[in-house]
Amino acid sequence: MTTDARKNDGIGKDIVIYICLLGLAALQFVIAYQNIDAAQMLMRMLVVAFIEAGLAALYFMHLGTEKRGFLLFVAVFTIAVLLGLQFGWTDSSRMLRGAPFSRPPM
Amino acid sequence: MSQADLTMEGHTTGLTLGPAFSIPTKKFAMWLFIIADTMTFAGCLVAYGFLRHGTADWPRPFHSITNVALMTFVLLTSSLTMLCGLRSAKAQDKAGAFRWILITAVLGIVFALLHIREWLGLIGEGMTLFKNPWGTPLFGASFFSITGLHLTHVTCGIIALLAVGVRYNGGRYNADDIEVLGLYWHFVDLVWMFVVPLVYLLNLTH
């Protein structure tokens, strides 16, 4: 598309995305002052952060206007890395609470 | 080996390949760097989460969100000014593009100064890499590592903005180079969107 189509886009769309990002960032600050437990707070903040990151990647970094194959390439690599890093959580729980799923001593 | 050597009687040998995904090589290289750097930051943030989750006396030293809110605003605004610079560069407005790139660099410097001010405040309260007055010493190590890595990226970005901006203004670089630089700068902004909630907002004193 890409360059020609991008030239035709106005600055208005960039400003709308910028305002959305500011609003989402503000939402994270609001969530930080909610009276909820830490796990719930983390989940809400991460959801907002991923929406922010998606908007920034698609519009500010123009990933949305690149070829579909390239979009898939970036998405698959990034998601694979993020999923691959999730293996340690049971060990993290073990640091605090002992081995997960272990039988109590007889 | 010349192009003629690769071509036999008008038939290509198949050795001349176009750029991957039909995007410019520099841009593709920057995307590969961004994917690799995503791994670095994701590794740091997951390790931080691992430690925070597994440590009972994790400190919550942040009393105010004013500074981090201001830093977020400045960095997001710098992304918008970078886009304006790219737009001007694509429209062949060299002076306008250079001006927007300088504004982006100045916003980056403001962000870095706010960051250093915050560090100095925490150091003044007794926090170092290896100890802090509130709880586990791991907090200082992880906080300074993650925010320091991000600040290093911002500092490199400022240097790159100035270097590329000056060369673009001098006619050695073109709009494509500004676009590649913009990708890096937006990535630094994108990482901050995860650093703020995980490192700052989850550690607010209520």
Quick one: what part of [X] sits under 4.5 Å from any heavy atom of chain A, side chain, backbone, both or neither?
X        : value
B:Ala69  : both
B:Leu183 : both
B:Leu83  : side chain
B:Leu190 : side chain
B:Val191 : neither

Taking all atoms of both residues into account, what is the closest heavy-atom pair of [X] and [Y], and its distance?
X        : Y        : answer
B:Met193 : A:Glu52  : SD-CB, 3.5 Å
A:Tyr33  : B:His63  : OH-O, 4.3 Å
A:Ala38  : B:Leu202 : O-CD2, 4.3 Å
A:Leu42  : B:Leu198 : CD1-CD2, 3.3 Å

Let me know if [X] has heavy atoms under 4.5 Å from chain B in its side chain, its backbone, both or neither.
X       : result
A:Ala25 : side chain
A:Ala39 : neither
A:Val74 : both

Do B:Pro197 and A:Leu46 come close enough that some side-chain heavy atom pair is under 4.5 Å?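 No. Closest side-chain heavy atoms not under 4.5 Å.
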
Nearest 0.5 angstrom please: [X] [atom1] to [Y] [atom2], how far?
X       : Y        : atom1 : atom2 : result
B:Met39 : A:Leu82  : CE    : CG    : 9.5 Å
B:Ser79 : A:Tyr59  : OG    : OH    : 16.0 Å
A:Gln28 : B:Phe194 : CD    : CZ    : 8.5 Å
B:Met82 : A:Phe60  : CE    : CZ    : 12.0 Å
A:Ile19 : B:Leu76  : CD1   : CG    : 12.0 Å

Between B:Thr38, B:Thr77, B:Val68, B:Thr72, which residue shows the highest count of heavy-atom pairs closer than 4.5 Å to chain A?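 Of B:Thr38, B:Thr77, B:Val68, B:Thr72, B:Thr77 has the most heavy-atom pairs under 4.5 Å with chain A.
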
Going by the angle between their ring planes, with limits at 30° and 60°, are B:Phe28 and A:Phe73 parallel, tilted or perpendicular?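 Rings of B:Phe28 and A:Phe73: tilted, 30 to 60°.
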
Give a yes or no on whether the ring-centroid distance for B:Trp31 and A:Phe70 is below 6.0 angstrom.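 Yes, the ring of B:Trp31 comes within the 6.0 Å limit of the ring of A:Phe70, centre to centre.
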
